[in-house]
Trainee: 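This is the structure I have questions about; it appears just below.
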Amino acid sequence: MSDPKDPTGMAALSICEALLLALQDRKVLPDREIVGILRDAAETHEKASGPESERRLHVATAELINEILEEGNLTRNS
């Protein structure tokens with residue numbers, strides 16, 4: 001399992017968030033498409049298999065994505 005203090009994941013999340021917000025701001029993607037992207041990403045992690053340590057990481061990742069969706073932290077207008 002990766003170190004929770006490793007900045008790699010935080011950097012990736014920040015970059016993806018900035019990209020999705022830019023696509024939203026420029027009206028390239030509507031809110032429903034952004035939500036769909038996040039749901040697809042969460043579902044991919046929810047269905048992942050492998051060793052228990054990997055599975056725990058995937059579950060935690062899916063939970064984080066779902067939390068972002070529920071709290072509306074990514075889409076400004078949802």
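This structure is a prediction, so every number in the text was calculated from the model and none was measured.
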Trainee: Not counting sequence neighbours, which residues clear side-chain hydrogen bond (donor to acceptor under 3.5 Å, both in side chains) with K27? List them please.
Mentor: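 Listed in chain order: nothing, the list is empty.
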Trainee: Report the distance from atom CG of L20 to atom SG of C16, rounding to the nearest 0.5 Å.
Mentor: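 With rounding to 0.5 Å, CG (L20) is 6.5 Å from SG (C16).
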Trainee: State whether the side chain of R26 and the backbone N or O of L21 hold a donor-acceptor pair below 3.5 Å, judged by distance alone.
Mentor: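 Here the side-chain-to-backbone pair does not exist.
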Trainee: Report whether V28 and I37 are members of the same hydrophobic cluster (ILVMFWY, side-chain heavy atoms less than 4.5 Å apart, transitive linking).
Mentor: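 In one cluster with V28: I37, yes.
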Trainee: Quick one: do L19 and L38 end up in the same hydrophobic cluster if we chain Ile, Leu, Val, Met, Phe, Trp and Tyr together by side-chain heavy atoms under 4.5 Å apart?
Mentor: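 Different clusters: L19 never reaches L38 through Ile, Leu, Val, Met, Phe, Trp or Tyr contacts under 4.5 Å.
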Trainee: State, to 0.1 Å, how close A62 and E46 come at their nearest heavy-atom pair, and which atoms those are.
Mentor: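 In this case the closest contact between A62 and E46 is CB-CG, 3.5 Å.
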Trainee: Just how far is it from atom CD of E33 to atom CG of D40, taken to the nearest 0.5 Å?
Mentor: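 Output value for this atom pair is 9.5 Å.
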Trainee: Cluster question for you: counting only ILVMFWY and a side-chain heavy-atom cut-off of under 4.5 Å, with indirect links fine, are V59 and L13 together?
Mentor: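 Different hydrophobic clusters.
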Trainee: How long is the straight-line distance from CD of E70 back to CD of E63, given to the nearest 0.5 Å?
Mentor: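 With rounding to 0.5 Å, CD (E63) is 10.0 Å from CD (E70).
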Trainee: Any idea which heavy atoms bring H45 and H58 closest together, and the distance?
Mentor: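 In terms of heavy atoms, the two residues are closest at ND1-ND1, 2.8 Å.
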Trainee: Go through the steps to decide whether E52 and R56 satisfy the test side-chain contact (heavy atoms from CB on, under 4.5 Å), and finish with yes or no.
Mentor: CA-CA 6 Å; E52 182 60 27; R56 283 194 307 266; 3.1 Å; yes
